[in-house]
Amino acid sequence: MTKVLSAVAWPYANGPRHIGHVAGFGVPSDVFSRYMRMAGHDVLMVSGSDEHGTPILIAADEAGLTPQQLADRNHRLIVEDLVGLGLSYDMYTRTTTRNHHAVVQEMFRGVHENGYFVEQTTYGAISPSTGRTLPDRYIEGTCPLCGTPGARGDQCDACGNQLDPHDLVDPVSRINGEKPEFVETRHFFLDLPALAEALGEWLDERDASGTWRPNVIKFSKNILSEIRPRAMTRDIDWGIAVPLEGWVDNPTKKLYVWFDAVIGYLSASIEWARRTGDPEAWRQWWNDPEALSYYFMGKDNITFHSQIWPAEMLAYNGQGSRGGSQHEYGVLNLPTEVVSSEFLTMEGRKFSSSKKVVIYVADLLSRYQADAFRYFVAAAGPENQDSDFSWSEFVQRTNSELVAGWGNLVSRTATLVAKNFGEIPSAGDLTDADRAVLEACRAAFDEVGDNIGRNRMRHAITAAMRTVAEVNKYVTDSEPWKIKDDPDRLATVLHVMTQCVQDLNTLLSPFLPFTANEVDRALGGAGDVQPLPRIEEADDLDGGPGYPVITGDYSTIRPWGSLPVVVGTPVSKPAPVFTKLDPALVDDELARLGL
RNA sequence: GGGGCGGUAGCUCAGCCGGUCAGAGCAGAGGACUCAUAAUCCUUGGGUCGUGGGUUCGAGCCCCACCCGCCCUACCA
């Protein structure tokens, strides 16, 4: 029994999430977490909504709301999306809680006291009317290199060159069109070079484990060679106050959103512990060197999880080249593994909310089964390379693999049992074929479990579905519908079938938690294979406004392995568990997308 | 410009440390069967493994060059 922290990327609360987001971090992390619980580990799965930063400020302005109001609205939408997908967080919270603010400030103070912040003066753009920093990408003007108008401050799309916004000809703010003012400003920079050696040692050690995806470890090592100090404060009025004399009351200086967002893994763990009534419980996952931690995200976040966040922890722990002392949270564990997925595209193009090339989670869930989507992502998602979601592929995989392969096996098994016995019959003497198929199901637990544990979801589900096909073959070969005068043999075949279906259901349940419970009921069970998350309206622990969180009790999850069926359990003819999709919906959905 | 990933049957993709590696699923064709959401099962796959060189007894798998697609390289998160 190992402590396993499942740290899931924090969705940015500037709008609802689309299926590309949840394909990258949501489904894979949930499959992993459910499996690890089944395998007997103590899993703590945490995440939350990331609510600070410039884009939310801008979105709020556009919507005529305060940033907090916008964040409130989007946090709730995101919570509903994630629960709808069955993602089994122990604590899904947000970054505007008082608890999070306090944890972030403690981390800042620890890093500061250990000497890993350097103050530097930089030269940047601000909006004269608001005093806010104008990030490079929010400035546009004529490219000084190719003369194309409309170039962004960071890069010219026309000639592809990277730019300094100060070099733009006639720069204007993309937010309100005003001319930006370039001013000097003081900021705290995280002294990453002073942490580079420790980061390198950590990465070498992780590399030696051989478990990271090759591109993630390579990329992480590569960016280490160009490491330089990075600003951790911003000229902005939306964020967490800098907890230092002379800064804390400054309304226009806040912590950089990424400094605070990654600390969410820790603050959410602490919040979870405080809510369970054992406020120190989180330390088992963070301070015990034996504990494991897996971080799930899309590839655009690798930098923050294999460099910034470990660097923050090393600095807080006092483990960089400047040394330092320990603080309230003790020595924090660095990530065991950074599990990054690639990107999901949509009908061959990139997701783009502004261009309406997008499928929102809520829309998908309003028309299709969550498990059908989860299956698609596990079987064809962007695990090691970009992959494409197309409606025709979704329909095809759902119909031929989930409905015709797995769903049909469940259906024919339950129907035969119901018709012939009305309950699960006991087995007589087993033939070689009986033993072989039972053994195939039992053996699948090792292969599927091993692959899930290594985050090879495509391999895992492929192996599971191959076993489904083996059982279907066994059924066809055994022809139980033709056994008329040998009740013992009939009972034996149906018993074996039922046992196989139950094993396969357990095997597939991390991928398909909703339908796993339905399949269990179809076999006369209680439908409690996979516990589901729930939304809870929580009070802020420190007197702030309340907010919805996702949590759940997953202690009753079914153990990983074959569980003998209970002879005599009543079984009736089942209703279909999986919904077969009409191919005509492909055109409907494409029309919806304007394609 | 620098770094990384990918280019394998119509489609989606497996192929670990080089030697049954030329494969699976889907689609298509033919057949069997009828318990099942017309589902299942069997048979059927000659694709120069992006291109051109090289290393080797032997290369999708190693090296070099090139072509194509994508990602990272941001004071966006």
Touch class at under 4.0 angstrom, heavy-atom based, for [X] against every strand present:
X         : answer
Asp50(A)  : sugar-phosphate
Ala380(A) : nothing
Lys573(A) : sugar-phosphate
Pro576(A) : base
Val403(A) : base

Look for any protein N or O under 3.5 Å of an N or O in nucleotides 24-29 of chain B and output each such pair with its distance, or none.
from, atom 1, to, atom 2, distance (Å)
rC26(B), O2', Gln396(A), OE1, 3.4
rC26(B), O2', Gln396(A), NE2, 3.0

What interatomic distance, in whole Å, is found between [atom1] of [M] and the corresponding atom of [N]?
N       : M       : atom1 : result
rU8(B)  : rU48(B) : P     : 12 Å
rA22(B) : rC5(B)  : C1'   : 24 Å
rG10(B) : rG47(B) : P     : 8 Å

What are the atom names and distances for every N/O pair under 3.5 Å that joins the protein to nucleotides 14-17 of chain B?
from, atom 1, to, atom 2, distance (Å)
rA14(B), OP1, Gln385(A), NE2, 3.4
rG15(B), OP1, His459(A), NE2, 3.0

Value rounded to 0.5 Å, distance of CD1 in Ile452(A) from CE in Met457(A):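 These two atoms lie 6.0 Å from each other.
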
For the atom pair CG (Asp50(A)) and NE2 (His75(A)), what is the distance rounded to the nearest 0.5 Å?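 One finds 12.0 Å between CG of Asp50(A) and NE2 of His75(A).
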
Ring pair (Phe, Tyr, Trp, His ring centres under 6.0 Å) with His100(A): which residues, sequence neighbours excluded?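 Partners of His100(A) under the ring pair (Phe, Tyr, Trp, His ring centres under 6.0 Å) test: none.
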
Is the glycosidic angle of rG47(B) within 90° of 0, making it syn, or outside that range, making it anti?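 It is anti.
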
For Glu184(A), does the CD atom sit with more than 12 other heavy atoms under 6.0 Å from it, leaving out its own atoms?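 No.
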
Residue among Phe376(A), Tyr375(A), Phe394(A) satisfying ring-ring contact (aromatic ring centres under 6.0 Å, His included) with Tyr368(A):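 Single ring-ring contact (aromatic ring centres under 6.0 Å, His included) partner of Tyr368(A) among Phe376(A), Tyr375(A), Phe394(A): Phe394(A).
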
For RNA chain B, determine which residues of residues 227-241 of chain A have any heavy atom closer than 4.0 angstrom to one of its atoms, and list them numerically.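 Only Arg228(A), Arg234(A) qualify.
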
Taking RNA chain B as the partner, which of residues 405-416 of chain A come within under 4.0 angstrom of it by heavy atom?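 Per residue number, the list reads Asn408(A), Ser411(A), Arg412(A), Thr415(A), Leu416(A).
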
Ignoring backbone atoms, establish whether Lys482(A) has a side-chain N or O less than 4.0 Å from OP1 or OP2 of rC35(B).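 Answer is no, no contact under 4.0 Å.
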
Using the test side-chain contact (heavy atoms from CB on, under 4.5 Å), find all partners of Ser340(A) that sit at least two apart in sequence or belong to another chain.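 Val216(A), Met297(A), Lys299(A), Ile302(A).
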
